[in-house]
Amino acid sequence: MSLRVYNTMTGRKEDFEPLNPGKVGMYVCGVTVYDYCHIGHARANVVFDIIYRYLQFVGFDVNYVRNYTDVDDKIINRANERGISPDDLAGEFIQAFDEDMQRLGLAEPTIQPKATHHIEHIISLVQRLIDRGIAYESQGDVYFSVENFPSYLKLSKRNMDDMRSGARITPGEHKRNPMDFALWKAVKPGEPSWESPWGPGRPGWHIECSAMAMEYLGESFDIHGGGKDLVFPHHENEIAQSEGATGKPFVKYWLHNGFVNVNQEKMSKSLGNFFTIRDILKSYDPEVLRFFILTAHYRSPIDFSDHNLQDSRLGLSRFYEGLQAASEVLAACPPSDVTSDAGIALENAFREAMDDDFNTAAAIGQLFDAVRTINRLIAEKGFRKNRDKVAEVGALHQALLKLGGVLGLFISEPAAWLKQMNLAMLAATGYSETDIEDFIQQRQEARKNKDFARADEIRDELAAKGIQLLDGAQGTTWKAR
RNA sequence: GGCCCCGUCGCCAAGUGGUAAGGCAGAGGUCUGCAAAACCUCCAUCACCAGUUCGAAUCUGGUCGGGGCCUCCA
């Protein structure tokens with residue numbers, strides 16, 4: 001079975017066949033750097049990070065370009081509010097973005113270009129459009145003429161007449177048609193600007209992506225991604241600009257991720273349910289957030305809520321506990337040359353899920369099955385002396401780490417992750433680690449004296465606070481949940 | 001108004017023609033001083049109605065409910 005992807009352009013899943021065998025060019029719209037990233041950005045970037053990793057995993061040589069849009073109305077406005085230069089503002093939030101993505105454990109794209117470093121390309125692209133009669137200059141602005149690009153709206157499947165009735169020309173614009181959009185904006189006082197054949201000005205919103213994508217990936221490339229909300233107008237306009245200039249198909253597969261809702265409502269500033277990544281990471285482990293995002297298919301909406309995040313925390317803990325148990329027991333077993341194909345089977349199931357339009361939810365389901373198998377085998381009598389079973393656990397353990405790695409999961413040392421998670425949960429109970437150790441000691445004494453009432457009392461008190469005691473062969477350990 | 005999406009077990013969530021993955025929670029069991037953890041077993045016919053089909057959660061039409069885009073937005 002080979003990879004199939006859902007293409008927004010055709011509205012269906014298609015076999016993935018890159019333009020150049022073995023190579024993939026992929027462009028994902030990055031952020032406009034004027035504020036901290038929210039969890040919607042987290043989702044989009046995690047999703048395309050997984051797509052990037054998986055394409056590499058199955059053997060493609062991927063050229064992944066993700067841009068920074070560092071010139072834009074919002075940046076200028078925000079910079080003016082704060083009395084700093086747009087450049088400084090952009091720099092600040094580029095750094096913040098990089099920090100956030102690093103904390104989320106994202107792989108770095110091949111190239112992360114900035115719009116302001118591509119003004120030359122932008123200008124020449126605009127000029128090409130003017131030369132072909134698809135764009136026109138008007139009082140220092142340059143607009144794209146949608147009437148001269150017949151396939152306009154083919155991605156968003158809208159109707160020009162319906163759109164036109166709702167479109168308006170805002171004061172200060174010099175459009176011939178309300179649907180036309182700016183490629184180049186004449187400079188206004190207090191704005192950054194660059195020299196151009198049409199006078200000093202700056203790029204419109206959409207053109208920078210066309211210019212950067214074509215610069216690094218060529219006039220036609222394989223995958224273009226972004227959030228669903230970018231379908232119109234951003235991606236529609238990118239197609240218009242790019243295909244208008246080149247006469248060639250711009251992108252073969254358009255991929256769009258779904259939204260993040262918060263407690264069933266659309267996340268928005270006006271509703272006050274807007275969470276930045278850094279806010280969330282104060283309360284949640286980054287890997288829990290990543291796990292949460294990946295337990296739903298990338299095109300479905302996901303509902304961000306405390307309850308759902310807790311669910312994800314428990315789910316991820318299950319993996320780490322299983323991995324920890326496996327590595328402990330494997331370390332205690334003598335090496336043997338017995339092999340198992342359980343890892344191969346798991347990988348095949350994983351790939352089958354991922355090949356179906358990057359179905360991470362189904363893929364994780366397969367990984368859960370492997371955890372259960374590991375736990376079952378380890379619990380069986382005489383496990384350590386059974387080389388076949390030890391080999392199977394070894395194979396599953398390795399495969400789990402390998403495949404988890406494709407999803408950016410299980411990257412921590414299990415013992416360390418579990419410990420850190422425990423301590424974080426413990427902090428909420430008011431107890432310290434030594435408090436718990438003391439309780440365990442007291443209970444141990446009581447148990448030794450067969451004072452089970454006292455022993456149970458201690459255990460129940462802790463349990464009420466969310467601390468579970470686990471009596472094992474090597475003594476009592478604890479866990480918070 | 002136009003375009004698009006969704007409605008699967010208490011919760012989360014896969015599944016686009018062949019008889020419902022997985023996680024959390026719950027019930028019973030094994031283990032345990034008793035528990036917990038782990039393991040085993042159990043737990044849904046897919047919003048509703050009508051069609052197409054040998055066969056539909058999956059296709060078609062309709063009803064109800066929810067959401068998104070159409071203005072900046074991942």
Side-chain angles (χ1 to χ4, degrees), chain A residues 8 11-13 28-32 34-35 37-48 72-74 77 153 156-163 165-168 170 205 225-234 236 256-261 264-269 274 291-292 295-297 299-303 305 307-319 321-322 325 349 353 356 359-369 371-381 447 450-453 455-456 459-460 462-463 467-472 476-479 481:
Chain A
T8 305
R12 61 182 60 142
K13 286 182 196 169
V28 173
C29 289
V31 285
T32 299
Y34 74 105
D35 205 346
C37 288
H38 57 244
I39 49 183
H41 294 109
R43 182 182 198 191
N45 282 286
V46 165
V47 160
F48 286 103
D72 167 88
D73 289 348
K74 292 190 292 294
N77 294 339
L153 303 181
S156 54
K157 298 163 185 66
R158 290 158 199 271
N159 176 290
M160 184 76 91
D161 294 328
D162 294 333
M163 296 291 291
S165 62
R168 271 190 303 173
T170 51
W205 172 32
K228 261 194 166 83
D229 50 340
L230 294 181
V231 173
F232 184 88
H234 187 56
E236 195 70 71
H256 294 97
N257 64 276
F259 286 112
V260 176
N261 295 331
Q264 320 264 27
E265 289 179 306
K266 178 187 157 86
M267 183 174 69
S268 78
K269 284 181 176 167
F274 213 83
F291 187 80
F292 166 68
T295 49
H297 183 89
R299 282 187 284 114
S300 307
I302 54 173
D303 189 41
S305 69
H307 177 260
N308 290 345
L309 266 285
Q310 295 300 347
D311 240 33
S312 292
R313 201 194 87 237
L314 291 172
L316 185 57
S317 293
R318 180 167 167 79
F319 277 109
E321 280 163 8
D356 186 12
N359 193 335
T360 54
I364 287 173
Q366 295 297 332
L367 301 185
F368 267 118
D369 281 344
V371 171
R372 181 152 29 79
T373 304
I374 285 175
N375 286 332
R376 175 168 53 77
L377 289 170
I378 289 176
E380 283 181 11
K381 280 241 181 275
R447 291 180 73 200
K450 304 274 190 216
D451 181 2
F452 294 121
D456 292 351
R459 187 178 60 204
D460 293 345
L462 288 175
I467 307 294
Q468 290 175 341
L469 296 185
L470 294 79
D471 296 332
T476 299
T477 56
W478 61 275
K479 137 174 170 177
R481 55 176 295 155

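Residue numbers start from 1 in every chain, and the chains themselves are labelled A, B, ... in the order their sequence lines are given, proteins ahead of strands.
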Check salt bridge (Lys or Arg N to Asp or Glu O under 4.0 Å) between A/R313 and all other residues, then give those that pass, not counting sequence neighbours. none
Look at all strands and tell whether A/V260 reaches a base, only sugar-phosphate, or nothing, counting heavy atoms closer than 4.0 Å. base
What's A/T477 touching, base or sugar-phosphate or nothing? Going by heavy atoms closer than 4.0 Å. nothing
P atoms of B/C12 and B/U60, separation to the nearest Å: 26 Å
Determine the interatomic distance between P on B/C59 and the same-named atom on B/G18; round to the nearest Å. 11 Å
Under the 3.5 angstrom rule, does the side chain of A/N261 hit a backbone N or O of A/P301 as a donor-acceptor pair? no
Mind checking the C1' distance from B/U16 to B/U71? Whole angstroms is fine. 35 Å
Rounding to an integer number of angstrom, what distance separates B/A47 and B/G10 when you compare their P atoms? 13 Å
Once salt bridge (Lys or Arg N to Asp or Glu O under 4.0 Å) is applied, do any residues pair with A/K266, and if so which ones, sequence neighbours excluded? none
Students often get this wrong, so: under 4.0 angstrom with heavy atoms, is A/G40 touching a base, only sugar-phosphate, or nothing? base
In the structure shown, which nucleotide is the Watson-Crick or G-U wobble counterpart of B/U16, with both distances under 3.5 Å? none
How far apart are the C-alpha atoms of A/K74 and A/N77, what are their side-chain angles, what is the distance that settles it, and do they pass the side-chain contact (heavy atoms from CB on, under 4.5 Å) test? CA-CA 5 Å; A/K74 292 190 292 294; A/N77 294 339; 5.6 Å; no
Inspect the contact between A/E236 and A/R158 and indicate whether a charged nitrogen and a carboxylate oxygen are less than 4.0 angstrom apart. no
By ring-ring contact (aromatic ring centres under 6.0 Å, His included), which residues pair with A/F368, not counting sequence neighbours? A/F319
Should A/K157 be listed as having a side-chain N or O under 4.0 Å from OP1 or OP2 of B/C70? no
Across all strands shown, which nucleotide pairs with B/C39 by Watson-Crick or G-U wobble geometry, both distances under 3.5 Å? B/G29
Expressed in angstrom and rounded to an integer, what is the separation of A/R299 atom CZ from B/A14 atom P? 10 Å
Taking all non-hydrogen atoms of both residues into account, name the closest pair between A/T295 and A/A361 and its distance. O-CB, 3.3 Å
Assign each of A/F368 and A/F232 to its nearest nucleotide of RNA chain B by heavy atoms, then name whichever residue's nucleotide is nearer the 5' end. A/F368
If you assign A/G226 and A/K13 each to the RNA chain B nucleotide with the nearest heavy atom, which residue ends up on the more 5' nucleotide? A/K13
Under-3.5 Å donor-acceptor pair between A/H256 side chain and B/A74 base: no
How far does the C1' atom of B/A21 sit from the matching atom of B/A44, given to the nearest Å? 13 Å
Identify, with sequence neighbours excluded, every residue that meets ring-ring contact (aromatic ring centres under 6.0 Å, His included) alongside A/H297. none
Roughly how many Å is it from CE in A/M160 to P in B/G1, rounded to a whole number? 23 Å
With a 4.0 Å cut-off on heavy atoms, is A/L469 in touch with a base, just the backbone sugar-phosphate, or nothing at all? base
Applying a 4.0 Å non-hydrogen cut-off, can you work out what A/H297 is touching in the nucleic acid: base, sugar-phosphate, or nothing? sugar-phosphate
Contact list (N/O, under 3.5 angstrom) for nucleotides 37-39 of chain B vs protein:
residue: B/A38; atom: O3'; partner: A/N375; partner atom: ND2; Å: 3.2
residue: B/C39; atom: OP1; partner: A/R318; partner atom: NH2; Å: 3.0
residue: B/C39; atom: OP1; partner: A/N375; partner atom: ND2; Å: 3.2

Can you name the closest pair of heavy atoms from A/T360 and A/A296 and give their distance? OG1-O, 3.5 Å
Atom CG of A/D303 to atom C1' of B/G7: distance rounded to whole Å? 14 Å
Between atom CG in A/N261 and atom C1' in B/C69, what is the gap in whole Å? 14 Å
Heavy atoms only, 4.0 Å cut-off, all strands: where does A/S156 land among base, sugar-phosphate and nothing? sugar-phosphate
Which heavy-atom pair separates A/F292 from A/D303 by the least distance, and what is that distance? CZ-O, 3.3 Å
Please give the distance between the C1' atoms of B/U45 and B/A56 as a whole number of Å. 11 Å
Nearest to the side chain of A/R158 - B/A74, B/C12, B/G2? B/G2
Could you walk me through whether A/N375 and A/R372 pass the side-chain contact (heavy atoms from CB on, under 4.5 Å) test, one step at a time? CA-CA 5 Å; A/N375 286 332; A/R372 181 152 29 79; 5.8 Å; no
Sugar-phosphate, base or nothing in reach of A/A361, heavy atoms under 4.0 Å: base
Pick the C1' atom in B/G29 and in B/A35, then give their distance to the nearest Å. 15 Å
Integer-rounded Å distance: B/C70 C1' and A/K228 NZ: 16 Å
Are A/Q310 and A/R481 close enough, and set up right, to give a side-chain contact (heavy atoms from CB on, under 4.5 Å), and what steps lead you there? CA-CA 9 Å; A/Q310 295 300 347; A/R481 55 176 295 155; over 6 Å; no
Rounding to an integer number of Å, can you tell me how far A/I302 CD1 sits from B/A14 C1'? 15 Å
Taking atom P in both B/A57 and B/C64, what distance in whole Å separates the two? 24 Å
Pairing partner of B/U71, by Watson-Crick or G-U wobble and under 3.5 Å for both distances, is none
Taking a pair as Watson-Crick or G-U wobble with both distances under 3.5 Å, which nucleotide is matched to B/A50? B/U60
Could you tell me the separation between the OH atom of A/Y34 and the C1' atom of B/C72, rounded to a whole number of Å? 7 Å
Determine, for A/K13 against A/D356, whether the closest basic-nitrogen to carboxylate-oxygen distance falls under 4.0 angstrom. yes
Give one of base, sugar-phosphate or nothing for A/G472, where a contact means two heavy atoms less than 4.0 Å apart. nothing
Under a 3.5 Å limit on both distances, the Watson-Crick or wobble mate of B/G10 is B/C24
Short N/O separations, protein against nucleotides 31-33 of chain B, under 3.5 angstrom:
residue: B/G33; atom: N7; partner: A/R447; partner atom: NH2; Å: 3.3
residue: B/G33; atom: O6; partner: A/R443; partner atom: NH2; Å: 3.4
residue: B/G33; atom: O6; partner: A/R447; partner atom: NE; Å: 3.1
residue: B/G33; atom: N1; partner: A/D456; partner atom: OD1; Å: 2.9
residue: B/G33; atom: N2; partner: A/D456; partner atom: OD1; Å: 3.3
residue: B/G33; atom: N2; partner: A/D456; partner atom: OD2; Å: 2.7

Given the structure, check if the side chain of A/N159 and the base of B/G2 hold any donor-acceptor pair shorter than 3.5 Å. no
Within this structure, what is the NZ-to-C1' distance between A/K266 and B/C6, rounded to whole angstrom? 16 Å
